[in-house]
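Heavy atoms only: backbone and side chains are in, while hydrogens, waters and symmetry mates are out.
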Amino acid sequence: ATGVKSSELTCQTGFVEFKSLTAKQSALQCNLTGITNSMETISAPDPRDVAWNNATVEADTIRVKKMQCDALLFTGTLFWSVVVTAITSFSNLDRLGGVFPAWMIPREGTFWYGLIQGYLPVVLLELLMFFLPIVLRMIGTIYIRFKTKSETDRFVFRWHFGYRVANLAIIIVKNQIFETFTELRTNPTVAIETLASGLSLSSQFFLNNMIVATGTECLWELAQMPQMIRYFLMHKFIKVEAKSRRYLDKLEKPGSFHWGHVVPQFIFAFLIASVYAVSVPIVVGVCSAYFYIATKVYTHQALLVYSQPYEGGGKLMYYLNRTTFVIVYISIAVFAINLGLKGGAGLQAPSFFVPMTLITYLVDRNIAQSFVKPSSSLALTDARLVDEDNARKAARLQRYRDYKEQKAERKRAEREARGRTSRVDEEEEEVGGAPPQSPAKDGNGGTAEERGRRRRRAEAGIASAGR
């Protein structure tokens, strides 16, 4: 009847609806088949989170494609230095002097020369990083075909942040990754000194990077320029009457945060602040200004501009927690290395590195045992408490509905009784004939009985006045 073969209508994904949360958690935490990877049970995502076009893709296909992309993207980080080198070479004004006319290149030593030479490579690299999450999202949605949008967000988050870390490493080692690895194997002391020197020399680049992020990127987000440009082009060159009602409604639909695009920028700023906190403290000040302005901007966007259509279940927080602790470990190692390179501080470096690493590890393990592992699945006791609370709420709601129905029934019965009473009165009046005549009134204003009452009241008032 549908014109489609039955084999094309089946898939490996199904949804099961339980009557209680306890039954659902029991199904999630039990071994259904006893065979590895035979059946995987997970909490159903929000229906708005599901990528319905990818719902019929087999899990094995997604797993294989994800492994392929992970391998290719990891290999790309090793050769990412070629791209970064090309950007830094292209942004060199001395090289650009042979391409552009001489009047377009400022003279060396002037203010504009230093400004362009310092910020041009940063702007070009950030422009490249602007398009990287878009490409990663296309890979996750079109090629790998994740079944939920939150899975695509986690994929974009992991590799977006990975390539930002690659930028940091490549710039510090001055685009000589393989030579640095070789030197670490042959002469570790010289390699560490070279890394420490490169860390200090590259501080200007990352200082400019955070200045650009503080001003340009935050204001770009606040101004919503892509949407403004789209509206301008539509109203300038395309008539509104030429578009369908569905397209116009889509323009009014609010956007949403793509966490894989936004969160890595914050984590990268935290990484830069942690790395340069000891050697170049001014970078920490600029990073603090970035976080302050970003807090204002993104709070405004979250309240007034964006609207999240679905919840991802907080799964991105596990990556965020792990990334934060990795950055803390890196900052401890960087500070210990800088301390060890100082003359006469050979004992202070290990005395700082060992205790701080141990303390950080204990805090990390405590958080993992207290929050991370328990939050990965809902305990059956908590599920039972939720079910009991839901049952009490349902019973209370049912009692309220019964009360409203009884009250409405009583009012209906009262209205019917009043209707029957009025009908009986009308029938009695009809049977009794004409209505009784009212007492006749004379010209003195009222009946004889009323005149008598007035006269008695007047006499009583005269008597009281005489007394």
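With sequence neighbours left out, Asp389 forms a salt bridge (Lys or Arg N to Asp or Glu O under 4.0 Å) with Arg392, Lys393. Here Asp364 pairs with Arg322 under the salt bridge (Lys or Arg N to Asp or Glu O under 4.0 Å) rule; sequence neighbours left out. Residues passing the salt bridge (Lys or Arg N to Asp or Glu O under 4.0 Å) test with Arg137 are Asp153, sequence neighbours excluded. Applying the side chain to side chain contact (heavy atoms under 4.5 Å, CB included) test to Glu221 and every residue at least two apart in sequence or in another chain returns Gln224, Val297, Tyr298, Gln301, Tyr306. Contacts of Thr61 classified as side chain to side chain contact (heavy atoms under 4.5 Å, CB included), with partners at least two apart in sequence or in another chain: Val57, Glu58, Lys65. Residues satisfying the side chain to side chain contact (heavy atoms under 4.5 Å, CB included) test with Thr295, not counting sequence neighbours, are Thr299. The side chain to side chain donor-acceptor pair (under 3.5 Å) check on Asn53 picks up nothing, with sequence neighbours excluded. Residues forming a side chain to side chain donor-acceptor pair (under 3.5 Å) with Gln398 (at least two apart in sequence, or on another chain): Asp402. Under the salt bridge (Lys or Arg N to Asp or Glu O under 4.0 Å) criterion, Lys66 pairs with Asp70, sequence neighbours left out. Partners of Lys24 under the side chain to side chain contact (heavy atoms under 4.5 Å, CB included) rule, at least two apart in sequence or in another chain, are Phe18, Leu21, Leu28, Ser43. Judged as a side chain to side chain donor-acceptor pair (under 3.5 Å), and not counting sequence neighbours, Trp259 has no contacts.
Taking CG of Leu125 as the reference point, atom CG of Leu120 lies at 11.0 Å (rounded to 0.5 Å). With values rounded to the nearest 0.5 angstrom, Arg164 atom CZ is found 15.5 Å from Thr77 atom OG1. Distance check, rounded to the nearest 0.5 Å: CZ of Phe205 to CG of Asn208 gives 8.0 Å. Put simply, CD on Glu388 and OG on Ser20 are 11.0 Å apart, with the number rounded to the nearest 0.5 Å. Taking CZ from Phe268 and SG from Cys287, the interatomic distance works out to 9.0 Å, rounded to the nearest 0.5 Å. Distance CG/Leu316 to CZ/Arg158: 11.0 Å, rounded to 0.5 Å.
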Tabulate below the donor-acceptor pairs under 3.5 Å that side-chain atoms of residues 324-335 make, not counting sequence neighbours, or state none.
unit_1	atom_1	unit_2	atom_2	d
Thr324	OG1	Leu320	O	2.7
Ser331	OG	Ile327	O	3.4
Ser331	OG	Val328	O	2.6

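Aromatic ring pairs are classed by plane angle as parallel below 30°, tilted from 30° to 60° and perpendicular above 60°; the pair Phe206 and Tyr276 is tilted. Between Phe146 and Phe155, the ring planes lie tilted relative to each other; the angle falls in the 30° to 60° range.
Taking the side chain as every heavy atom from C-beta outward, Asn167 and Met129 approach each other to under 4.5 Å. Contact check for Ser288 versus Tyr292: no side-chain heavy atoms found under the 4.5 Å cut-off. The shortest distance between side-chain heavy atoms of Leu124 and Leu128 does not fall below 4.5 Å. Using a 4.5 Å heavy-atom threshold, the side chains of Tyr163 and Leu73 count as touching.
Within 6.0 Å of CG in Leu397 there are more than 12 heavy atoms belonging to other residues, nucleotides or ligands. Within 6.0 Å of CE in Met317 there are 12 or fewer heavy atoms belonging to other residues, nucleotides or ligands. The number of heavy atoms from other shown groups lying within 6.0 Å of CZ (Phe15) is above 12.
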Step by step, work out the side chain to side chain contact (heavy atoms under 4.5 Å, CB included) result for Gln68 and Ile144. CA-CA 9 Å; Gln68 293 174 353; Ile144 302 178; over 6 Å; no
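Residues Ile293 and Cys218 come closest through the heavy atom pair CG2-CB, 4.0 Å. Shortest non-hydrogen contact noted between Asn54 and Lys147 is O-CG, 3.5 Å. Residues Thr75 and Ala71 share a closest heavy-atom pair of OG1-O, 2.8 Å. The two residues Met210 and Ala269 come nearest to each other via the heavy atoms CE-CB, 3.4 Å. Contact record, Pro309 with Ser256: CD-CB, 3.5 Å, taken as the closest heavy-atom pair. Counting all heavy atoms, side chain and backbone alike, Val50 lies closest to Pro45 at CG2-CG, 3.7 Å.
Proximity of a side-chain donor or acceptor of Glu126 to a complementary backbone N or O of Asn209 within less than 3.5 Å is not detected. Between the side chain of Asp387 and the backbone N or O of Thr22 there is at least one donor-acceptor pair closer than 3.5 Å. When atom types are taken as modelled, the side chain of Asn366 and the backbone of Leu362 share no donor-acceptor pair closer than 3.5 angstrom. The backbone N or O of Pro133 lies less than 3.5 Å from no partner atom in the side chain of His160, so there is not a single donor-acceptor pair. A donor-acceptor pair under 3.5 Å is absent between the side-chain atoms of Asp49 and the main chain of Thr148, judged by distance alone.
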